[in-house]
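Inspection log for the structure reproduced underneath, given as structure tokens.
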Amino acid sequence: MNNQVKELFEECLASSSPEELAILETVLRGFQKKQKNINSSYIGGLLHMERKIKEEYCELTVPISPLLHNSLGIVHGGITATIIDSAMGTLANSILPDGFGAVTSQLNIHYLSVGKGDYLQCKAHIDHKGTKTMVISADVHRSDGKKIAKASGSFFIIRKK
Ligand SMILES: CC(C)(COP(=O)(O)OP(=O)(O)OC[C@H]1O[C@@H](n2cnc3c(N)ncnc32)[C@H](O)[C@@H]1OP(=O)(O)O)[C@@H](O)C(=O)NCCC(=O)NCCSC(=O)Cc1ccccc1
């Protein structure tokens with residue numbers, strides 16, 4: 001297994017352009033962030049997510065690199081959705097007592113403008129917290145200040161198994 005990974009790594013390294021090398025570095029540094037527990041998930045590490053949580057509010061920032069681009073060279077809409085779901089999910093789970101978790105049951109996103117620039121920042125806040133469901137809204141802005149997405153999500157509160 002070790003040798004297989006080494007061979008694959010060396011093969012990728014040998015055939016990479018300068019841009020691909022930069023992407024490989026982004027991926028490896030992200031993997032390392034999960035290994036070192038700087039991020040709690042591989043997705044968070046690979047996207048180099050940084051988050052601040054205050055009561056009923058979460059701010060999540062992701063630097064833009066070609067790793068996040070679609071074939072048009074702008075941020076992939078699924079990546080924006082991941083950023084939104086992560087900010088909302090982190091917020092929902094942060095306010096629950098031990099033994100409970102929250103999962104996304106519905107996510108609605110309006111994509112208002114293209115994702116480009118240095119970073120995307122998502123700000124999520126709680127609109128409603130019930131005993132079984134939560135409703136959370138979020139806005140995503142890019143580094144030049146333009147709003148690129150507006151979202152609302154429903155979360156279902158589960159008892160952790
Ligand atoms: C739970 C519910 C929303 C409602 O369930 P109901 O409509 O009442 O239906 P029913 O009770 O029949 O169960 C149906 C299925 O649900 C399963 N299940 C039920 N209760 C529990 C439980 N306590 N624990 C575990 N599983 C439970 C159950 O086993 C069954 O599975 P099966 O079919 O047998 O394999 C369900 O529709 C669902 O799980 N949807 C998907 C949600 C999802 O995956 N969202 C995306 C990921 S979240 C995210 O990423 C946000 C985030 C970001 C960052 C950080 C953190 C978070």
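As a basis for the values below, the full set of heavy atoms in this structure was taken, side chains included, without hydrogen atoms, waters or symmetry mates. As the structure is a prediction and not an experimental result, all values here were calculated from the model. Counting starts at 1 for both ligands and their atoms, in listed order.
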Asp85 side chain vs Ala81 backbone, donor-acceptor pair below 3.5 Å: no

Return yes when at least one protein heavy atom is under 4.0 Å from atom 36 (C) of ligand 1, and no when none is. no

Scan side-chain atoms only and decide if His48 and Lys33 contain a donor-acceptor pair under the 3.5 Å cut-off. yes

Is there any N or O on Asp85 that sits under 3.5 Å from an N or O of ligand 1? yes

Given 3.5 Å as the limit, does a donor-acceptor pair link the side chain of Asn93 with the main chain of Ala102, or not? yes

Return the closest protein heavy atom for atom 56 (C) of ligand 1 as residue, atom name and distance. Asn93 ND2, 3.4 Å

Compute whether any side-chain donor of one residue and acceptor of the other, for Glu50 and Thr61, lie under 3.5 angstrom apart. no

Measure from atom 30 (C) of ligand 1 to the protein's non-hydrogen atoms and state whether any distance is below 4.0 Å. no

So, does Glu20 use its side chain to make a donor-acceptor pair with the main chain of Ser17 at under 3.5 Å? yes

Within-cut-off N or O pair, Arg159 and ligand 1, under 3.5 Å: yes

Could you check atom 38 (C) of ligand 1 against the protein and tell me its nearest heavy-atom contact, residue, atom and distance included? Val103 CG2, 4.7 Å

Among all protein heavy atoms, pick out the one at the shortest distance from atom 27 (C) of ligand 1; state its residue, atom name and that distance to 0.1 Å. Lys161 NZ, 3.9 Å

Of Phe100, Phe156, Phe155, which has the heavy atom at the shortest distance from atom 4 (C) of ligand 1? Phe156

With a 3.5 Å distance limit and no angle check, can you tell me whether His76 reaches the backbone of Gly78 through a side-chain donor-acceptor pair? yes

Looking only at protein heavy atoms, which one is nearest to atom 41 (C) of ligand 1, and how far off is it? Thr104 O, 4.4 Å

Is a side-chain donor-acceptor pair under 3.5 Å present for Tyr57 with Glu59? yes

Considering non-hydrogen atoms of the protein only, which is the closest contact for atom 52 (C) of ligand 1, and what is the distance? Gly89 CA, 3.6 Å

Counting only heavy atoms from other residues, nucleotides and ligands, does the tally under 6.0 Å from NZ of Lys116 exceed 12? no

Tell me, which protein residue and heavy-atom name are nearest atom 24 (N) of ligand 1, and how many Å apart are they? Ile158 CD1, 3.6 Å

Could you tell me whether atom 43 (C) of ligand 1 has at least one protein heavy atom nearer than 4.0 Å? yes

